[in-house]
Structures are given as structure tokens and as C-alpha cells.
Amino acid sequence: MHKKLFIPGPIDVELDVLEQMTKPMIGHRSKDASDLQMRVSEKLQKVFYTKEQILLSTSSGTGLMEGAIRSCTRKRAAVFSVGAFGDRWYKMAVSNNIAADKFAVEPGEAITPEMVDEALATGKYDLITLTHNETSTGVMNPIYEISEVMKKYPKVVWCLDTVSSMGGVMVEVDKLGVDICITSTQKCLGMPPGMAIASMSQKAVEAAKQVEHRGVYFDLLELYQYIQKKEYQYPSTPAISIMYAMDYQLDKILEEGLNSRFERHLEMAQHVRAWAKEKFDIFPNEKYMSNTVTTIKNTRDINVSQLNKELAKRGYAISNGYGDLKEKTFRIAHMGDYNLDDVKGLLDNIDDILGL
Ligand SMILES: *Cc1c(COP(=O)(O)O)cnc(C)c1O
């Protein structure tokens, strides 16, 4: 049975979008491939609010995150972590032999501009990584406030993970001054999994030129230069089928209108939060609640796995807590193309199952 996925990726993909993936293949060195990749990139520039080059990668978002920290750290990276996905950046640095320090907060808390300022004032770092929307704790970091601090450090490359927010929350890449902004297809953008997307600023390009060992597949400089030289083509064979779906879904996103899309995400979030506060409690600091996934404190000590089994029989799925937060919290994602009625349907079923 098809389940409505209220999990933080992969999300449900609408049938007309999925159908795009049945189109016949084209050669990846053809003019058609160049045109497809150019169209997709130009539409993504609108979603990212950027004039910078868009890089498409046949990988999930994790690939471009690793590529970013490896390709652009010259001296030392400051990794700001508010949970599992922030910790992932640190692991990538360590595994790639890149000097890095981790700055972490208690689960449920956010990174403050002051923390960033204090770290960068030491002069030790030339790159920072930040998770915009931490999918484990349901925290959305205050990137607009942090961008004010980043303006004091024009030489520092800013890498931002917007995997679970881009397309669901406004992230104005150029206005914020983000150098490498990364997302995946399978979350708020409402597309199938299998590709990652990044914007890359000139500052990031110049930084990468100073790094000798950037690897091969996720060498961001190589991707950037190849696109410029070969008219939007890529060094290796991309997932053409997913790009058909992207091309089509991006039109739908732009037709809906970005502001309407962000409003719809907020509306779903507000509804889930109100429900959570009435029946349970919200896990993160309420000042920094995510608009795309709500992490709920399991104050009633319900059996989350059992709840999910019952929900499955009714055609729904939610997520248990992430890692250590399993059973202590659970997560309802409200990202992609669902609307308020879908969310109400889910919550009615939870109420019914739990007798709330
Ligand atoms: C899902 C997620 C990732 C990992 O993305 P993949 O596309 O699965 O590699 C990274 N960061 C955040 C915040 C996420 O939610």
C-alpha cells in the first residue's frame, strides 16, 4: 500500500513528476543534455535566489557536503553543529584529513551569531560549515542574523547545508553571502532522491584553486570549470532521468510561486506545532523551530515504533527520533507538496490511534 510520507526525506513525489522519469535516454554529451542541464540550473538559480553557477551532482547531498569541505578548506574549518547532520560535516573533515574544530550546542539549541563571531575572531579559520535546518532536532539556525557576522569576515568561505530546507523556506543565497549552498532533490523540492545541488561563489572557486588535493568525483572546482567549458555538461554520466523530473517539478514550483510555497510550509508547521503543544511538547527551543520538520517530545511515553506500525495500516508514515533521541522524541516532516489537509489527515489518525 502507498503510504503518505511524513518523514524528512525521501518525500512523496507526485505522479506526474515521477512519470517524467520514463522518458527515453539521451546521450550525456549531446546538445539536448546541455539544454536540459542549463534549464534545470537556471530554474534552480531562482529557487536559491542566486546568480552564481549551480552545480548538479549525481549523488545525495552528503556527496557535495564532503566535496565542499574538502575542496575549499585551505587552513582550517570551523564546523558549527547542532546535531547529527552538523556532526556529519565534522566526520567528513576528519576522514579527509582536513584540519577542523567542532563547535556544538546542546540538542535542541541553535548556533548564535555570537558563537560564530567568537570563533572567527581567532583568525584560525578560512571556512565554516553550518546546517540551516537540523533534521534530527528540528532546529532552524538563524542564518540571517549569522550572515551579519559573516560580513565581518569576507575571506571566510561559508558552506551551508540546506538539504532539508531549500524549497520550503526562503534562503536568499546571494543576499546572505553563502558561498556554497547545498541541497538534495528528495526533501522540500518534492523530487525523487538521487541528485544533489549546490551553488558555488567566485570566492569558493578561488579558495578551491589553492587546495591541492580535492579528490576526483566531488572536486567542486572540476565540476565548476567543466560546466563553464562544456556548456553545462558534467565530467561523468549524470542521472538523466532525475533531471527530467527536476526540469518538470521546478516549473511546478515556480508556478506555485516561491512565497506561496514557503507560506504553505509554514502553515503546515504551525498546525503541527499547535497540535504537538496541546498533546505532547515541542523538543527544540521554540525560538528556533523548523518550518519543515517538527521534533516532538514524547511526554506521554508512547511507543513510537508501535504508533508507526498502526499508522502504516492506515497509509501513513512518520519518523522516530534520530539516534539518541529515538523514542524520546518523534518527528513529523511537513515538506514537499503536501498541504494543510494532508497534515490534518495524519494528525486525526494519530489522535484516533492513541485515543487523544
Ligand atoms: C537528509 C539530510 C542530509 C543528507 O542528505 P542526503 O541527500 O541523504 O545525503 C544532510 N543534511 C540534512 C540537514 C538533512 O536533512
Side-chain angles (χ1 to χ4, degrees), residues 5-13 44 48 55-70 79-93 95 102 104-105 107-111 128-143 146 158-169 171 178 180-199 217-218 220 238-239 242-243 245-246 249 265 269 283-284 288-295 317-323 325 329-336:
L5 300 178
F6 288 89
I7 61 174
I11 43 69
D12 235 339
V13 180
L44 283 166
F48 278 57
L55 312 179
L56 302 173
S57 167
T58 297
S59 67
S60 74
T62 303
L64 284 181
M65 287 166 67
E66 183 161 7
I69 198 165
R70 177 166 180 175
V79 172
F80 294 95
S81 175
V82 301
F85 290 104
D87 290 351
R88 191 177 280 191
W89 282 110
Y90 186 67
K91 187 174 174 201
M92 289 166 180
S95 310
K102 185 167 96 174
V105 294
E109 292 299 326
I111 299 294
I128 74 158
T129 70
L130 183 69
T131 316
H132 177 212
N133 189 73
E134 175 54 65
T135 318
S136 59
T137 58
V139 162
M140 203 156 68
N141 276 312
I143 49 173
I146 290 170
W158 182 3
C159 302
L160 186 65
D161 166 357
T162 61
V163 173
S164 61
S165 53
M166 184 60 77
V169 181
V171 182
V178 174
I180 302 177
C181 187
I182 299 164
T183 197
S184 306
T185 47
Q186 78 278 10
K187 299 203 181 175
C188 302
L189 293 171
M191 301 165 184
M195 287 201 83
I197 305 155
S199 62
Y217 192 68
F218 293 116
L220 265 48
I242 298 175
M243 286 195 289
M246 290 169 84
Q249 170 69 353
H265 277 81
F283 177 74
Y288 302 110
M289 287 184 292
S290 160
N291 289 5
T292 62
V293 57
T294 301
T295 301
I318 61 169
S319 271
N320 210 318
Y322 194 102
L325 294 172
T329 66
F330 59 97
R331 294 172 296 159
I332 297 178
H334 24 80
M335 54 176 75

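Atoms within a ligand are numbered from 1 in the order they appear, just like the ligands themselves.
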Present, as a list of atom pairs with distances to 0.1 Å, all nitrogen or oxygen contacts under 3.5 Å between ligand 1 and the protein.
from, atom 1, to, atom 2, distance (Å)
ligand 1, 7 (O), Gly61, N, 2.8
ligand 1, 7 (O), Ser184, OG, 2.7
ligand 1, 7 (O), Gln186, NE2, 2.9
ligand 1, 9 (O), Ser60, OG, 2.5
ligand 1, 9 (O), Gly61, N, 3.2
ligand 1, 9 (O), Thr62, N, 2.8
ligand 1, 9 (O), Thr62, OG1, 2.5
ligand 1, 11 (N), Asp161, OD1, 3.4
ligand 1, 11 (N), Asp161, OD2, 2.6
ligand 1, 15 (O), Thr135, OG1, 2.4
ligand 1, 15 (O), Lys187, NZ, 2.7

Any donor-acceptor N/O pair, Thr295 side chain to Arg331 backbone, under 3.5 Å:
no

Ring pair (Phe, Tyr, Trp, His ring centres under 6.0 Å) between Phe6 and Phe330: does it pass, once the steps are laid out?
CA-CA 11 Å; Phe6 288 89; Phe330 59 97; over 10 Å; no

Atom CE of Met195 and atom CG of Leu189: how far apart are they, to the nearest 0.5 Å?
12.5 Å

Side-chain polar contacts of residues 55-62 - donor-acceptor pairs under 3.5 angstrom, sequence neighbours left out - could you list them?
from, atom 1, to, atom 2, distance (Å)
Ser57, OG, Ser59, OG, 2.8
Thr58, OG1, Ala239, N, 2.9
Thr62, OG1, Arg88, NH1, 2.8

Ignoring hydrogens and angles, state whether a donor on the side chain of Thr131 or Asp161 is under 3.5 Å from an acceptor on the partner side chain.
no

Shortest non-hydrogen separation from Ala245 to Pro192 and the atoms involved
CB-CD, 4.0 Å

